[in-house]
Amino acid sequence: AQKITQTQPGMFVQEKEAVTLDCTYDTSDPSYGLFWYKQPSSGEMIFLIYQGSYDQQNATEGRYSLNFQKARKSANLVISASQLGDSAMYFCAMRERHNQGGKLIFGQGTELSVKP
Amino acid sequence: EAGVVQSPRYKIIEKKQPVAFWCNPISGHNTLYWYLQNLGQGPELLIRYENEEAVDDSQLPKDRFSAERLKGVDSTLKIQPAELGDSAVYLCASSPRQGGYNEQFFGPGTRLTVL
């Protein structure tokens, strides 16, 4: 079974508008962490935001926020005021506590295109 | 502070040839990861090192892949012999410690094309 599911292969958004990228996850581990990474065409994975399973508040980092709905096992990324430079692949990832080494399990990614 | 360095950035070889990738993690990072990223997919872990010890290599195809991290710093990933299906991006990442919340910092990757 897929541990991380990103159902949107591609998304378009108008510059300056907000966009939500979906991510659902599957784990029986009560302790886990959820990450979002951005991968531009240059190839490097850039860390955006982190949410711990016990965190009470939704994580925010500048224009990025994570809509964490634990009961639904979803961790959607919200990008506000989209910029042309936001065009990239976006990956949701999870690390389960039982995996002491911190291995990240990634989804298949969503390609975001920001239109001027 | 310098990020994770990988070389080469691109490599084109013919099948059955050997190939090696090099990674220099961020200074002071004890944990090093090699990930494989196929086209249109998310990265998948190949091997994880804690200092010089390979503590998770369950996903490494050991018949043709090998890795080492001498002295717990730089790491080399080797494929011998390469197959057409090995064409992918090989990403190296490092983090300062295992467990808890530890962000993984990724390098730019090596894009391998096997002809």
Side-chain angles (χ1 to χ4, degrees), chain A residues 2-10 21-25 29 31-55 59 61 64 66 75 77 88-111, chain B residues 2-11 21 23 25-26 29-51 53-60 88-112:
Chain A
Q2 290 283 344
K3 291 246 181 183
I4 295 286
T5 303
Q6 295 180 253
T7 57
Q8 306 154 315
L21 306 183
D22 295 342
C23 173
T24 57
Y25 59 92
D29 198 326
S31 178
Y32 50 90
L34 297 158
F35 300 75
W36 277 92
Y37 280 84
K38 172 184 178 181
Q39 188 177 41
S41 56
S42 59
E44 189 170 348
M45 300 285 281
I46 302 168
F47 167 76
L48 296 178
I49 196 166
Y50 167 83
Q51 179 86 40
S53 58
Y54 293 119
D55 293 344
E61 287 287 347
Y64 304 108
L66 201 152
L77 176 70
M89 285 291 293
Y90 287 80
F91 290 95
C92 179
M94 175 175 66
R95 183 177 61 238
E96 297 164 304
R97 180 182 180 182
H98 76 270
N99 185 344
Q100 291 296 315
K103 161 185 163 183
L104 289 173
I105 302 169
F106 286 86
Q108 292 192 310
T110 296
E111 184 173 10
Chain B
V4 176
V5 179
Q6 290 188 248
S7 70
R9 290 295 313 277
Y10 304 92
K11 188 74 176 178
F21 315 127
C23 172
I26 293 172
H29 283 194
N30 298 326
T31 309
L32 184 146
Y33 311 78
W34 282 102
Y35 286 88
L36 164 69
Q37 186 176 21
N38 287 306
L39 185 65
Q41 304 288 323
E44 297 177 13
L45 182 73
L46 287 172
I47 189 168
R48 171 174 65 89
Y49 282 93
E50 293 295 337
N51 299 304
E53 182 183 0
V55 295
D56 183 358
D57 63 356
S58 57
Q59 301 301 311
L60 190 71
V89 175
Y90 293 82
L91 293 164
C92 179
S94 69
S95 63
R97 60 180 174 83
Q98 67 172 336
Y101 162 47
N102 61 329
E103 176 188 342
Q104 293 182 21
F105 297 82
F106 284 80
T110 296
R111 183 177 298 275
L112 174 67

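Note that the coordinates shown come from a computational prediction; the quantities given were computed from them, not determined experimentally. Values below: every heavy atom of this structure, side chains too, minus hydrogens, waters and symmetry copies. Below, chain A is the first sequence line, B the second, and so on; all start at residue 1.
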Quiz item: What are the two closest non-hydrogen atoms of F91(A) and Q37(B), and how far apart are they?
Solution: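 That closest heavy-atom pairing would be CZ-NE2, 3.4 Å.
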Quiz item: chain B heavy atoms under 4.5 Å from Q6(A): which part of the residue, side chain, backbone, both or neither?
Solution: neither
From [atom1] ([X]) to [atom2] ([Y]), nearest 0.5 Å:
{"X": "Q108(A)", "Y": "N38(B)", "atom1": "CD", "atom2": "CG", "answer": "11.0 Å"}
{"X": "Q41(B)", "Y": "F106(A)", "atom1": "CD", "atom2": "CZ", "answer": "13.0 Å"}
{"X": "L48(A)", "Y": "E103(B)", "atom1": "CG", "atom2": "CD", "answer": "9.5 Å"}

Self-check item: Partner chain A: residue of P43(B), P108(B), G42(B) with the largest heavy-atom pair count (under 4.5 Å)
Solution: P43(B)
Exercise. Not counting sequence neighbours, which residues clear side chain to side chain contact (heavy atoms under 4.5 Å, CB included) with N51(B)? List them please.
Key: N30(B)
Quiz item: Can you find a heavy atom in the side chain of L104(A) that is under 4.5 Å from one in the side chain of Y33(B)?
Solution: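 They are not in contact (no side-chain heavy atoms under 4.5 Å apart), so the answer is no.
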Practice problem: Check whether R9(B) gets within reach of chain A through its side chain, its backbone, both or neither, counting any heavy atom under 4.5 Å. | Solution: side chain
